[in-house]
Structure formats: C-alpha cells, structure tokens
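To keep things clear, I will list the structure first and then write my remarks on it.
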Amino acid sequence: MIQTTKMASGQQWVLVEMVQAFYEAPAYHLILEGILILWIIRLLFSKTYKLQERSDLTEKEKEELIEEWQPEPLVPAVSNDHPSLNYDVVTGPPSHKITVNGKECINFASFNFLGLLDNERVKQKALASLKKYGVGTCGPRGFYGTFDVHLELEERLAKFMKTEEAIIYSYGFATIASAIPAYSKRGDIVFVDEAACFSIQKGLQASRSFIKYFKHNDMEDLERLLKEQELEDQKNPRKARVTRRFIVVEGLYMNTSDICPLPELVKLKYKYKVRIFLEESMSFGVLGEHGRGVTEHFGVSIDDIDLISANMENAVASIGGFCCGRSFVIDHQRLSGQGYCFSASLPPMLASAAIEALNIMEEDPEIFTILREKCKHAHKALQDIPGLKVVGEAFAPALHLQLEHSTGSRESDVRTLRSIIDYCLDRQIALTQARYLDKEERFLPPPSIRVVVTVEQTEEEIEKATSCIREAALARLE
Amino acid sequence: MFADDIVICGEGREQVEENLERWRFALERRGMKVSRDMTEYMCVNEREAVYNKPFVESFEETPLLVAVLTYMGYGILTLFGYLRDFLRDWNFEKCHVAKERDEQKDFVPLYQDFENFYTRNLYMRIRDNWNRPICSVPGARMDVMERVTHDYNWTFKHTGTVLFDVINMGSYNYLGFAENSGLCANAAVEAAMKYGLGVCGTRHEIGNLDKHEELEKLVARFLGVESSMVFGMGFATNSMNIPTLAGKGCLILSDELNHASLVLGARLSGSTIRVFKHNNMQSLEKLLRDAIVHGQPRTHRPWKKILILVEGIYSMEGSIVRLPEVIALKKKYKAYLYLDEAHSIGALGPGGRGVVDYFGLDPCDVDIMMGTFTKSFGAAGGYIGGNKELIDYLRTHSHSAIYATSMSPPVAQQIITSMKCIMGEDGTTLGQERLCQLSKNTTYFRRRLQEMGFIIYGNNDSPVVPLMLYMPAKIGAFGREMLKRNIGTVVVGFPATPIIESRARFCVSAAHTKEMLDTALNAISEVGDLLQLKYSRHAWPSDEETNHFSYLDSHQD
C-alpha cells in the first residue's frame with residue numbers, strides 16, 4: 001500500500017516536471033519535435049513501399065492482350081517435293097513378287113523374312129477365323145474383347161518361347177513402348193543402348209525414368225555407368241533400395257543390324273542386380289535353331305531375361321506384338337500396360353494368322369537355317385561394292401547399305417541413295433531406304449538402303465539384286 | 001439430304017449468312033443437295049442457344065446416404081485388405097501372387113508393396129467380371145466361354161461349356177458392323193485372299209498399299225475434310241500424333257475425363273498441360289484467358305500455340321462434348337481444336353459423321369478430326385482428318401507413318417465397305433437404316449431405364465449408357481446377376497471412374513432388336529430390384545414431362 005502511494009506521488013512529480021520543462025523549452029526545439037511527430041504520422045498513414053508496380057490488368061488490357069496474341073500455325077508448311085510425301089505405291093500383296101508404282105519387282109524391302117505373308121496355310125486359317133469372328137473385336141480385352149484365339153495365341157507364344165506367360169498387343173510399335181512404362185517409373189533408372197529403336201525411346205520417355213545411354217554394344221561403357229551408379233547408391237542407400245534399374249537392349253538392332261552381346265549383359269545383370277528387357281522384333285523367328293531369337297542363338301537361359309518383347313509384323317507376317325517372360329513380370333501388364341488395357345484387342349483373324357505362322361515355324365525349323373544361309377550369301381555378295389559399305393551381321397536378315405563417303409549433307413546423301421533405289425526399281429529390284437524422324441531420334445543413324453533377305457529369294461535373285469546395286473553404285477556414285 | 005434438320009446459328013445476321021454459305025459449301029462437297037428451306041435463322045447471343053436441338057444431359061447427384069455407405073464399403077474392404085495382407089505375410093493364408101525368382105530375391109523389388117494392394121484385395125474379389133472370353137462375333141448376341149475358379153478368382157479354368165447367345169450390351173458395336181457374313185465380311189475375305197494379312201513394312205518403307213490410299217481418300221470424303229491419314233491402332237493415333245502437333249512452349253488444354261491415349265500423347269509432346277473440368281465451358285474459357293494473358297510460366301513469353309483436346313462422346317460418362325461452344329471459344333481465342341471421335345464417329349449425327357454432324361457444324365471448324373475404326377466400323381485402327389497442310393505434315397512427321405507397320409489390308413477393306421454402306425454408296429439404304437435404328441434404340445433404352453428409376457448418366461442421344469451402381473460390392477453382383485440372365489454387360493469401378501461412382505455401362509447397338517432390348521431391360525429391372533439400384537429421386541415421367549420427349553417420340557416410329 002505504502003509503495004503504491006509512493007509510486008503515484010513519484011509519477012505526479014514527473015508529470016509536473018514535464019509540464020514545467022515544456023514551458024521552459026526553447027521554441028525551435030518544440031518546432032523540431034512537432035515536425036518529427038508529423039513525419040511519423042505521415043509514415044504511418046502513407047502507402048506501403050513496393051519494389052514492383054502492381055500487375056493487375058484491367059479487363060480492357062486483358063482484351064487487348066487476347067486480341068494481340070497470334071499463335072504459330074498448327075503445322076509448318078511442308079514443301080510438295082518432300083521426299084516422304086510421295087510414297088511408293090504398292091498394288092497387290094507386298095510378298096516375294098511386289099508391284100511398286102506399277103512395276104513388278106522382286107521384293108528386297110518388306111520384313112517378310114520367312115515368306116509367310118503370302119502363305120496359303122496362313123491365309124486359310126485367317127479366313128476361317130474371319131468367317132467365324134468377323135473383322136474387329138469392338139472392345140478392349142477387358143470388355144468382351146478377349147477371344148478364345150487370343151488366349152490360344154498367348155499360350156502358344158509362351159510355349160514357343162519356353163516361358164511361363166505371354167501377353168499380346170494389337171500393335172507392334174505399342175508393345176515395348178507400353179511395356180517399359182508399366183515397370184519403370186519416375187525415379188527409376190534405365191540403361192539403354194544408343195542404337196535403340198524409336199519405340200524403345202518412346203517407351204522410355206513415357207516412363208519418365210532417369211535414362212542413361214551407353215555406347216552401342218560397348219559393355220565397358222555400360223559397366224562404367226553401372227559402377228558410377230553403384231557409387232551413387234553407396235552414398236544414398238535408402239534411395240537405392242527403392243530405385244529399380246533396367247537395361248534395355250535389342251536382340252538384333254533395327255538401326256545397325258548387329259547383335260547384342262547377351263551373355264555379357266547377363267553377367268552384368270547379376271553383378272549389378274539390374275533387370276534386362278530385350279526387344280526382339282528383328283530376331284524373333286530369325287535367330288536360333290528354332291527361331292526363338294537371341295537367347296537361343298547364344299544359348300542363354302530365357303529365365304535370365306526379365307522381359308522379352310517382339311512384334312509379329314516381321315517374321316510372323318501378321319500384325320501386333322507380344323511380351324513374354326515369367327508370370328511374375330508379365331501378368332502386371334494386364335492392368336498396367338496402357339496399350340494393352342486401353343486399346344481394342346487384336347482382330348481375331350490376325351491372331352489366327354500368327355498361330356498358323358507359329359505352327360509352320362514349329363513344324364519346320366529348317367526354315368531358319370535356310371534363312372541364315374541366304375543372309376550369309378547376301379551379306380557376302382554385297383561386300384566390296386564401290387562407294388557403299390554393308391552394315392550388319394552376316395546372319396542378319398535386314399542389312400544396311402551406307403555410303404562409304406558421305407557428301408557432307410544428309411539431304412544429298414539421301415538423294416544419292418534414292419537414285420540408287422530408283423535405278424534398281426527400274427530393273428525390278430524393290431529396295432527402300434531406312435527412314436527416320438531426323439529431329440526426333442536421339443542418335444540419328446546415317447542414311448542407308450535397307451536390304452531385306454527372305455527365304456523366298458533364290459540365289460540367282462540375290463545375285464541379280466547385288467549386281468544391280470553394284471551397277472547403280474558405279475553409275476551414281478561418281 | 002438432311003438439310004432440313006440444320007439450323008444455322010451465329011451472332012448477328014451477317015454471321016448467320018456467312019455460316020449458311022459455308023454450310024452450303026460443305027454439304028455440296030459431300031454430295032448432298034441443299035434444300036431451300038435452309039433459311040431458318042437463329043440469331044443469338046446467349047451461349048445456350050447455339051444448339052440446334054435440345055441438349056439434354058443429366059448427371060443426377062449421388063444420394064447422400066448412398067455416398068456414405070459406399071465410402072463405408074471401401075473402408076471395410078481396405079481394412080480386410082490389410083488384415084489379409086498381414087495374414088499372407090505371416091503365412092497364415094496361402095499367397096497366390098506369382099513370386100520373384102529365388103536368384104533375383106536381392107534385386108530391388110519390381111513392384112512396391114502398396115502398388116498392388118488394390119488389385120490383390122479389391123479387384124481380385126470381382127475379377128471374373130472382366131476379360132470374359134468369347135468365341136463368336138461380338139455382335140448383338142455372342143457366345144461366352146464359361147469359366148470357373150477354385151481359388152477365389154486367382155486362376156480360372158474353362159469348363160468347356162459355352163453360354164450361347166448372350167445378349168451383348170458391352171461391345172462398342174454401335175452400327176452393328178461386327179459381322180461374320182454379309183457385304184463387309186465378304187469384301188474383307190477377298191482382300192485377305194488378294195493381299196494377305198500383314199504388310200511387313202511401314203508406310204514409308206514399301207508398306208503403302210493402294211488399299212490404304214483408297215481408304216484415306218474415302219475417309220476424307222466421309223468426314224468432309226480435305227485430306228486424311230489412317231493408322232493401325234486407335235490408341236497410337238493419339239499417342240503418336242499429338243507429339244507431332246505440339247511441343248515445348250505449347251499449351252494443351254485437356255478435358256479431365258479424356259482417354260488415356262490423349263493423356264499419354266499430351267505428355268509425350270512435352271507441352272504444358274492444363275486440365276479443365278469435364279465439359280465445362282466456363283472452366284475452359286478461364287484457362288484460355290489466363291493462358292493468353294499471362295503467357296508461359298516464369299518467362300511470361302506468349303504461348304506458341306494452344307491446343308484443346310476433347311472427345312466426341314466420353315466413354316465412361318456417356319456425355320457429348322459441347323462442341324458449338326468449344327468451337328466458339330476456340331475461334332475467339334485462336335486456339336486449335338483436336339476432336340477425338342473414337343465413340344462418336346458413326347454413332348452420332350443424321351449421316352453418322354460424328355459429333356460435328358450431330359450439331360450440324362462445319363467440319364472445317366475442327367482443326368484435327370481424329371477417330372477410330374474399332375467401334376462403329378467393326379474394324380481396327382484410327383484416322384486423322386483435316387486440311388491438306390496438316391495431313392502432309394503428319395505424313396512426313398508422324399511417328400506412326402515412319403516407324404509402325406501399316407494397316408492390315410482386310411481391316412482396311414472392312415472399313416471401306418462399312419463406310420460406303422453408311423454413306424449410301426453401296427446403292428442401298430442399309431446404312432441409313434442402321435443409323436436410324438441406333439438412334440431409336442438409344443432413345444428407347446435410355447428412356448426405359450430412366451422410367452424404371454435408375455440413375456443414368458450422360459446425354460439423351462448418346463448410345464453409351466452408364467447406369468450408376470456406386471457400391472463396390474454391387475459391381476461384382478450386377479455383372480454376375482446379369483450374366484446369369486444371359487446378358488453380357490460391362491461394369492467399371494475405380495480407377496476408371498471416381499471412387500464412389502462405380503457403374504455399369506451399356507453400349508446400345510443398331511443390331512439390337514426391340515425384343516433383345518426388352519429382354520435386357522427386364523433383366524436389368526429385376527437385378528435392379530434385387531440389388532436396390534433404383535436410386536433416382538426424379539419422377540419419370542408424368543404426363544407434362546412426356547411432352548418434353550415429344551420430339552423423341554417422333555423418332556420412335
């Protein structure tokens with residue numbers, strides 16, 4: 001109590017003193033203080049200071065912006081003489097004898113390796129199927145688009161490849177492009193060969209995984225990348241435990257016609273614990289004693305490969321593609337393979353055609369030996385053509401002929417090769433260039449003529465073709 | 001031919017005149033005569049009035065109680081899922097899932113644990129409703145192979161018995177061209193005999209048959225566009241061509257319910273993607289305005305181009321795109337329009353030319369006309385139609401043209417024959433009859449379902465009819481009960497639909513006779529009572545309301 005009264009009296013005294021000081025203070029001091037107080041008040045009520053002007057646009061300004069905006073044209077103009085605009089027109093079946101632009105030729109361009117495109121047995125089987133099921137399936141596999149022939153074909157493919165399970169797609173391109181993103185997701189790592197074909201590239205892009213390219217068929221380079229990754233993993237073991245890794249390679253490379261060193265890849269697989277996806281569109285029905293592809297060629301156990309994918313549009317001469325492997329791997333695609341789930345299923349007659357093609361391949365494995373002999377023959381005959389070099393393995397059915405000396409510009413190279421093809425077309429040899437999307441390819445292969453060998457070609461025809469190419473090269477590559 | 005049905009719309013008289021001229025041009029190019037009555041003007045400013053016919057689309061709200069029960073259902077299923085997983089982990093329950101090889105046990109697991117939780121514990125319970133194998137034409141009736149399972153759907157065995165003549169309400173056979181005899185099948189047989197089945201080459205590498213060229217010319221004529229290109233797979237038509245049309249610095253505006261192929265194509269293109277609410281024009285307009293006003297994120301550079309992706313009929317909702325409004329917006333904001341007519345081509349419009357025909361619009365207003373041949377034409381593959389520059393560009397730059405094998409000749413033939421039939425170029429009116437039958441069937445089927453008290457989604461004119469089931473247990477029950485009554489239906493749940501909106505989907509076909517539809521409807525009603533599916537709280541139809549349908553009745557007979 002006493003203390004509070006003391007304090008109160010003290011405050012009173014201070015107040016009195018202040019009033020007194022106010023009276024005594026000089027005028028200039030008071031004026032200064034007054035100005036300071038006004039300044040503070042001004043600061044308090046003034047607008048907050050901003051670094052930028054506010055960017056709210058008025059409706060009118062927005063309208064103006066919308067009015068002003070001019071989009072680019074939907075597509076850039078293509079000149080009428082673009083080489084890809086004028087396709088060669090094929091009338092009739094693209095089988096052994098093919099009519100290109102009205103001229104009957106011997107076919108050295110279609111991937112009809114086993115000559116099954118025009119096979120009477122295949123046709124009859126497909127027709128029977130057509131007469132039973134009609135053409136289309138009118139639905140995806142899930143919604144009444146699964147036919148008994150699809151199940152049969154899957155079973156047959158699995159049996160043919162000696163794997164647990166197979167799954168079919170209705171489009172060759174979509175097969176590997178759907179299979180990769182079904183497993184490899186964001187954050188996973190894919191090691192892929194530089195020469196990988198376009199559908200692999202698209203699959204990788206769709207997966208949004210981390211992609212590491214190694215030099216074509218260079219196992220040392222691959223091992224270097226794997227080692228790098230191992231070091232990375234040691235730094236962050238928690239992340240490493242959930243990061244899936246894959247190696248994606250082709251059996252016979254579409255773009256280079258050479259074979260992947262599978263045994264070494266399998267060694268690396270177990271050493272670094274990476275899964276292998278193998279794309280066999282060019283080697284299925286070609287390599288191996290029974291046409292099972294690269295695994296059979298090298299005698300590698302198919303169980304060591306996690307997933308094999310191939311299309312049925314080359315050797316099988318139908319449409320569509322398939323993946324095969326262990327059920328643990330393959331079954332996942334039935335709900336996660338986009339091209340499987342969300343697309344109409346394969347027309348049953350095409351499935352039947354593929355089944356019959358498998359029958360023929362199983363009944364007569366001799367066909368693969370014949371094909372290999374023909375390939376070797378063609379490979380040998382194509383050597384030493386002045387100005388052209390053969391790219392590819394001796395047993396590869398689709399070889400590339402590249403210019404030995406490029407003119408320096410891709411366009412003129414393409415034109416030169418086209419003139420060789422035209423020369424041969426005039427002499428009844430149908431050839432084609434390997435086509436690429438120049439701007440889209442990750443590593444664009446040099447321009448080339450594709451020479452496809454099939455079992456139907458006789459030795460004379462191969463001789464004729466090679467001598468024709470030789471003449472053309474002599475005439476056009478001065 | 002159908003010119004009487006067309007009402008020309010536009011803002012102000014001048015525009016109407018202009019549109020009229022454009023129409024006349026478009027029709028004459030398609031070989032149709034223009035009648036003189038085409039002078040009925042509708043000068044409108046209101047957005048609702050740009051339609052030349054009633055646009056009735058309903059999505060009745062989910063009853064609250066149903067929603068709560070559905071969520072509870074999923075909750076219980078999830079709890080049991082965890083319990084079962086726990087039991088499997090401790091080997092109390094036999095695990096049927098395929099296992100990793102022993103040699104690869106120390107690899108990083110191929111699947112994350114939770115990844116397949118849904119498949120293992122929910123989907124597996126009702127898996128028998130999907131992938132039912134059939135062994136006949138997927139026509140109005142089909143033969144379904146009987147399967148049994150002895151391990152709760154983990155594996156199936158075929159008993160060898162076939163359920164004959166199941167009424168097919170599942171296949172996308174809108175015009176009934178899935179046939180194994182008749183004009184189309186015969187022509188396909190001939191083509192197969194002549195050309196073989198495969199092509200063994202891409203369009204650029206000696207895989208360009210005269211059949212393909214014939215087909216492309218016909219498709220362009222059918223659509224009323226300058227040029228067209230065909231592809232071997234519908235899915236790939238989207239996923240491989242959108243990347244050639246848009247790229248970095250472009251903006252793609254995509255409907256939230258767009259098909260997976262459109263989504264994949266948009267993603268592969270590398271463009272920025274923004275999603276607007278399903279068929280919601282305000283949402284689309286807002287995105288368009290904001291995009292142009294603000295430009296690209298961070299740099300604020302103007303967008304190179306804006307591409308709007310929409311579908312004609314949405315396959316899970318049965319809704320029809322509000323095309324007149326989309327076109328108005330696209331013109332106003334100078335965007336490009338990509339229209340996917342997978343389900344609508346052949347199934348809509350007086351001439352079967354899809355949603356553009358349905359609304360009586362000019363196909364030239366749609367920049368990219370895409371569609372598939374799988375559904376109405378009973379074949380396979382897809383197309384893109386548009387002006388010559390677009391198609392020339394695609395021919396030279398499409399992934400599909402350069403890297404994918406071209407279309408099988410008998411498939412191409414099937415499309416040619418069925419398309420000519422629709423166009424009446426086969427010299428008969430069979431195609432026209434199919435179109436009428438489909439429209440009649442659609443109206444009848446939808447109206448009967450509504451009268452029965454089901455909640456059905458979508459547009460009154462859409463042959464895709466989703467019937468709401470909501471609860472997860474009813475998905476399986478509905479599919480099985482219907483098959484017991486010899487009717488094949490499609491049921492769908494999450495993730496194809498929002499989690500509580502599981503549904504059954506019927507696809508009406510011109511091949512369905514009234515008897516078949518009545519049989520199906522009676523069965524649906526019976527199953528609906530059994531499973532208590534008649535959720536609708538709308539009263540259908542009192543006498544006044546039937547007037548609303550009077551225009552439909554005129555179609556009836």
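Residue numbers start from 1 in every chain, and the chains themselves are labelled A, B, ... in the order their sequence lines are given, proteins ahead of strands.
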Please classify the contact between L335(A) and chain B as side chain, backbone, both or neither, with a heavy-atom cut-off of under 4.5 Å.
side chain
Quick check on the 6.0 Å ring-centre criterion: do F328(A) and Y111(B) meet it?
yes
If I measure from the heavy atoms of chain B, does A240(A) come under 4.5 Å with its side chain, its backbone, both, or neither?
backbone
Which portion of F377(B) sits near chain A, non-hydrogen atoms under 4.5 angstrom:
neither
So what's closer than 4.5 Å to chain A heavy atoms on M193(B): side chain, backbone, both or neither?
both
Interface moiety of D438(A) toward chain B, non-hydrogen atoms closer than 4.5 Å
neither
Can you tell me which portion of K202(A) sits under 4.5 Å from chain B's heavy atoms? Options are side chain, backbone, both or neither.
both
Proximal component of T374(B), with respect to chain A [non-hydrogen, under 4.5 Å]:
both
Contact part of T237(B) toward chain A, heavy-atom cut-off under 4.5 Å: side chain, backbone, both or neither?
neither
E213(B) versus chain A, the contacting section by heavy-atom distance below 4.5 Å
side chain
Leading residue by heavy atom contact count with chain B [cutoff under 4.5 Å; candidates S170(A), A174(A), S110(A), A177(A)]:
S110(A)
T243(A) versus chain B, the contacting section by heavy-atom distance below 4.5 Å:
backbone
Hey, are the side chains of F147(A) and P138(B) touching, using non-hydrogen atoms and a 4.5 Å cut-off?
yes
Restricting to non-hydrogen atoms, name the atom on A109(A) and the atom on I206(B) that form the minimum distance, rounded to 0.1 Å.
CB-CG1, 3.8 Å
Portion of N186(B) that has a non-hydrogen atom of chain A nearer than 4.5 angstrom
neither
Between V411(B), V199(B), I368(B), T405(B), which residue shows the highest count of heavy-atom pairs closer than 4.5 Å to chain A?
T405(B)
Just give me the residue among E440(A), K131(A), R245(A) that pairs up with chain B most often, heavy atom to heavy atom, under 4.5 Å.
K131(A)
Residue, of F373(B), Y174(B), W130(B), Y172(B), that accumulates the most heavy atom pairs under 4.5 Å with chain A:
Y172(B)
If one checks every heavy atom of E179(B) against chain A at 4.5 Å, the contacting part turns out to be backbone
For R289(B) and E59(A), run salt bridge (Lys or Arg N to Asp or Glu O under 4.0 Å): C-alpha distance rounded to whole Å, both residues' side-chain angles, the deciding distance at 0.1 Å, then the answer.
CA-CA 11 Å; R289(B) 285 186 77 89; E59(A) 273 311 299; 3.2 Å; yes
Please state whether the side chain, the backbone, both or neither of Q124(A) comes within less than 4.5 Å of a heavy atom of chain B.
side chain
Given that the side chain runs from C-beta out, which part of I319(A) has a heavy atom under 4.5 Å from chain B: side chain, backbone, both or neither?
side chain
For K99(B), which atoms come within 4.5 Å of any heavy atom of chain A: side chain, backbone, both, or neither?
backbone
From the list P133(B), G201(B), G196(B), A335(B), the residue making the most non-hydrogen contacts under 4.5 Å with chain A is P133(B)
Under 4.5 Å from a heavy atom of chain B, the part of E441(A) involved
side chain
Using heavy-atom distances under 4.5 Å, tell me whether V274(A) contacts chain B through its side chain, its backbone, both, or neither.
backbone
Would you please name every residue forming a side-chain contact (heavy atoms from CB on, under 4.5 Å) with A291(B), sequence neighbours left out?
L251(B), R274(B), W303(B), I306(B)
Go through the side-chain N and O atoms of S400(B) and Y171(A) and say whether any donor and acceptor fall under 3.5 Å apart.
yes
Under a 4.5 Å heavy-atom cut-off, does chain A meet the side chain of Y336(B), its backbone, both or neither?
side chain
Quick check for you: among E120(A), R208(A), E64(A), which has the greatest number of heavy-atom pairs under 4.5 Å with chain B?
R208(A)
Honestly, the part of H399(B) sitting under 4.5 Å from a heavy atom of chain A is both
Proximity breakdown for T91(A) and chain B, heavy-atom pairs closer than 4.5 Å:
both
Interchain contact, A380(B) with chain A, by part (heavy-atom threshold 4.5 Å)
side chain
Let me know if M145(B) has heavy atoms under 4.5 Å from chain A in its side chain, its backbone, both or neither.
side chain
Evaluate the side-chain proximity of R435(A) to R203(B): yes if any heavy-atom separation is below 4.5 Å, no if none is.
no
Measuring heavy-atom distances to chain B, does L127(A) have an atom under 4.5 Å in its side chain, in its backbone, in both, or in neither?
side chain
State which residues pass side-chain contact (heavy atoms from CB on, under 4.5 Å) with E67(A); sequence neighbours excluded, sorted by chain then number.
none
Pick one of side chain, backbone, both or neither for S261(B), based on which atoms fall under 4.5 Å of a heavy atom in chain A.
neither
Counting only heavy atoms closer than 4.5 Å, note whether K305(B) contacts chain A via side chain, backbone, both or neither.
both
Could you go through the salt bridge (Lys or Arg N to Asp or Glu O under 4.0 Å) check for R101(B) and D304(A) one step at a time?
CA-CA 10 Å; R101(B) 290 165 81 208; D304(A) 285 331; 3.4 Å; yes
Could you have a look at E63(A), R326(A), K62(A) and say which one has the most heavy-atom pairs with chain B under 4.5 angstrom?
R326(A)
